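Step one of this worksheet: look at the structure below.
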There are 2 protein chains.
Amino acid sequence: MARGDEGRRSGRVTIREVAEDAGVSVAAVSKVLRDAYGVSDALRAKVRASMDKLGYRPLASARGMRGQTYTLGLVLPDLRNPFFADIMTGVNNALERTQYQVMMGISSSSSKLETGVVESMIDRQMDGIILIGSTESRESLNTIAEKKPLVTIGHHDPSAEDFDTVNNNDQQGALLAVRHMVAAGYSKIAMLSLQGEPSSILAEREMGYRRGMIEAGLGGTINIASATQVMRDVQFAARRLLQGPRRPDAIFCWTDFIALEVISVATELGLRVPEDVGIVGYDNTMYCDFAQNSLTSIDQSGELLGLQATRLVIERINGRTAVEHFVVPPRLVARRSTSR
Amino acid sequence: MARGDEGRRSGRVTIREVAEDAGVSVAAVSKVLRDAYGVSDALRAKVRASMDKLGYRPLASARGMRGQTYTLGLVLPDLRNPFFADIMTGVNNALERTQYQVMMGISSSSSKLETGVVESMIDRQMDGIILIGSTESRESLNTIAEKKPLVTIGHHDPSAEDFDTVNNNDQQGALLAVRHMVAAGYSKIAMLSLQGEPSSILAEREMGYRRGMIEAGLGGTINIASATQVMRDVQFAARRLLQGPRRPDAIFCWTDFIALEVISVATELGLRVPEDVGIVGYDNTMYCDFAQNSLTSIDQSGELLGLQATRLVIERINGRTAVEHFVVPPRLVARRSTSR
DNA sequence: TGAAAAACGTAGAACGATACACGTAGAACA
DNA sequence: TGTTCTACGTGTATCGTTCTACGTTTTTCA
């Protein structure tokens with residue numbers, strides 16, 4: 001209702017009122033707001049005092065009309081994986097002393113939905129966009145980067161020119177996992193990957209797995225299964241692996257909660273972990289650490305990834321055009337699921 | 001940089017261009033956009049065609065200046081608890097066929113940060129706000145509700161007049177948990193609650209626990225411990241409970257992942273679950289269902305909560321002023337952690 | 001002391017969409 | 001044929017902020 005809306009909006013202090021209260025021009029207040037050049041300390045103090053006194057808060061819509069909204073868009077694939085909480089912690093730390101805010105959107109690991117979310121973020125004038133675990137093509141990403149500063153986390157494209165990337169070295173992470181399993185005495189090592197729209201992280205992890213297997217002289221038993229994120233699919237794939245003719249004695253899973261489900265299936269089939277089958281996950285989320293789970297996993301420093309991505313996107317907003325690709329080394333955290 | 005920004009913005013199709021292309025007035029296009037009264041089918045079709053042809057997308061900032069932004073703000077306490085994914089699913093389902101989008105913010109279970117996030121959402125002209133697990137006072141919530149349509153999830157205040165609430169019956173949930181434990185043969189039942197800013201959900205769950213204990217004639221052994229969400233605190237509290245003089249033979253935990261940590265601590269202390277100590281969680285998140293966790297929990301239909309909250313906030317946006325309080329009954333899901 | 005440069009302040013035109021107040025064509029009715 | 005409705009379409013002021021272009025004051029330096 002127009003009337004209700006009017007009532008709701010009224011009471012909001014505008015830049016004009018602040019200017020009047022401080023006895024300066026509207027533009028001067030705007031300069032203080034934006035930390036722009038050409039403001040004396042005295043004037044700044046006067047304006048700040050008025051803003052505090054009146055409880056002034058700039059309206060993002062109005063700012064967006066000509067300038068920035070001071071809002072960053074963060075797109076994540078889903079809310080079920082607690083790994084993203086680590087990234088978010090890093091993002092928030094990076095934003096601590098700035099006037100930027102984050103708004104999150106969920107792509108549900110679907111590139112169609114992801115496109116929708118990103119477009120809606122562009123419509124809402126996000127100053128920059130951080131895309132986690134994107135499944136979009138280089139061209140799509142370039143199209144986005146044309147419109148807004150863009151940084152991806154978990155998307156390998158070291159030759160991308162128009163947007164920055166932040167990654168852990170997924171290939172090395174998978175390699176660490178395989179080496180660890182080999183060292184623990186496992187030899188028939190399978191990998192459980194993600195089925196669906198191709199993702200560069202998965203490609204890297206699969207490549208690392210292959211390299212690890214070949215390096216250990218196990219090239220002949222390379223065995224990559226895959227399943228969607230739906231639990232029924234995961235169970236089905238795990239059963240097929242564990243009941244098939246080439247039953248593996250260890251499984252490297254692309255992410256932790258898949259690994260936990262695989263442990264469940266193995267237990268139901270009467271297999272002991274780690275004696276009969278070793279399991280390794282990825283992301284080292286908090287659930288790995290519970291005594292009853294105790295899952296060996298690869299840590300990729302989510303907090304650092306979030307921090308760096310935020311730094312990069314703000315640099316882009318401030319005018320950097322040279323591309324930057326940040327990579328952090330992974331680290332294996334051994335737990336009971338591979339300790340035989 | 002101004003130049004870069006200009007380049008970024010250029011190329012965006014405005015309502016004026018659509019109007020010109022369709023050979024109608026700007027206001028007519030606006031009406032089509034808003035499904036407003038006074039547009040013939042022929043005109044609507046013509047305008048829609050032009051919008052598609054030119055790839056027009058309305059700019060939220062500009063819309064926000066006078067009308068709506070068609071954006072809903074959703075504030076959640078943290079990203080670690082997969083329960084919120086269920087709520088989000090419900091929200092997205094409810095928004096499926098509308099032109100609304102959701103933007104999420106994180107309050108980190110701190111009422112100071114929550115205030116900041118909510119204010120920033122008001123600055124960004126969210127049409128309505130859904131607050132999950134708020135720790136704010138009635139007055140603060142009323143202040144928000146004065147400015148924007150507000151619905152809370154997980155905040156009990158059945159006499160609130162200015163905003164709607166959506167809840168499961170937490171008191172009954174806790175009661176179900178205690179009854180289940182008593183029926184399973186446990187008698188020294190403790191509760192592990194959340195330490196920190198007082199929350200009405202916790203108050204309800206504690207009350208349900210008390211009622212259940214008294215009902216079973218165990219009023220004399222009521223024992224409520226509490227810990228923050230930090231894992232070290234949880235471990236400390238769990239150890240103190242399990243090593244203390246009045247060692248309980250069952251613990252009801254306020255949320256699942258706390259329960260999982262308590263199982264870990266119990267295991268480390270050489271106690272068997274469920275034989276020596278029974279454990280019940282709350283929320284029935286996916287991690288309960290893993291064979292090695294197998295945690296008995298209370299299900300509160302997160303998806304339904306999200307759906308209803310979204311329905312209510314949109315009704316408010318469309319002018320409803322009468323308050324509505326929605327409550328869904330909880331359901332106990334028994335698993336191995338209490339089956340002795 | 002004077003000229004040039006630096007440091008500030010100001011007015012007012014954008015930005016894109018909305019919604020109000022009007023204007024008008026056509027239908028319905030007598 | 002004239003009158004009254006209804007169902008639309010149109011022009012434009014307006015929202016709150018940014019930012020350019022310009023004007024004024026102060027500082028610097030030879």
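Residue numbering restarts at 1 for every chain, and letters A, B, ... go by the order of the sequence lines. Note that the structure is predicted; figures quoted are calculated from it, not measured. Atom set for the values below is all heavy atoms of this structure, side chains included, hydrogens, waters and symmetry mates excluded.
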*Using the salt bridge (Lys or Arg N to Asp or Glu O under 4.0 Å) rule, take A:K148 and A:D127 through it: C-alpha gap first, then chi angles, then the decisive distance, then the call.*
CA-CA 7 Å; A:K148 293 287 169 191; A:D127 294 337; 5.5 Å; no

_Gap between atoms CZ and C1', on A:R124 and C:dG16 respectively (whole Å)_ = 15 Å

*What is the distance, rounded to the nearest whole Å, between atom NZ of B:K46 and atom C1' of D:dC8?*
12 Å

_I need the A:N142 CG to A:E161 CD distance, nearest 0.5 Å._
9.0 Å

For nucleotides 5-8 of chain C, give me every protein contact, N/O to N/O, under 3.5 Å, one pair per line with atom names.
| residue | atom | partner | partner atom | Å |
| --- | --- | --- | --- | --- |
| C:dA7 | OP2 | A:Y37 | OH | 2.8 |

*Candidate pair B:V75 and B:M121, rule side-chain contact (heavy atoms from CB on, under 4.5 Å), full reasoning*: CA-CA 9 Å; B:V75 182; B:M121 289 195 157; 3.7 Å; yes

*Measure distances between side-chain N and O atoms of B:R66 and base N and O atoms of C:dT18, and say whether any donor-acceptor pair falls under 3.5 Å.*
yes

*Who are the ring pair (Phe, Tyr, Trp, His ring centres under 6.0 Å) partners of B:Y100, not counting sequence neighbours?*
B:Y70

*Check the distance between C:dT18's C1' and B:D35's CG and give it to me in whole angstrom.*
15 Å

*Provide, to the nearest angstrom, the distance between the CG atom belonging to B:L33 and the C1' atom belonging to C:dT18.*
10 Å

*For A:Y56, ring pair (Phe, Tyr, Trp, His ring centres under 6.0 Å) partners two or more places apart*: none

*Do B:I129 and B:V313 come close enough that some side-chain heavy atom pair is under 4.5 Å?*
no

*Excluding sequence neighbours, so at least two apart, what forms side-chain contact (heavy atoms from CB on, under 4.5 Å) with B:E197?*
B:S110, B:S111, B:T135

*Listed partners of B:R124 passing side-chain hydrogen bond (donor to acceptor under 3.5 Å, both in side chains), at least two apart*: A:T71, B:S120

_Quick check on B:E17: does its CD atom have over 12 non-hydrogen neighbours (other residues, nucleotides or ligands) under 6.0 Å away?_
yes

*What is the distance, rounded to the nearest whole Å, between atom OH of B:Y70 and atom P of C:dA17?*
13 Å

*In whole angstrom, what separates B:M65's CE from D:dG16's C1'?*
4 Å

*Which ones in residues 15-27 of chain B lie close to DNA chain D, meaning a heavy atom under 4.0 Å from one of its atoms?*
B:V24, B:S25, B:A27

*To the side chain of B:A28, which of D:dG16, C:dA17, D:dT10 is closest?*
D:dT10

_C:dG16 phosphate, OP1 or OP2, under 4.0 Å from B:R63 side-chain N/O_ = no

*Check the distance between C:dG16's C1' and A:Q125's CD and give it to me in whole angstrom.*
10 Å

*Over how many whole Å does the gap from A:R34 atom CZ to D:dT20 atom C1' extend?*
11 Å

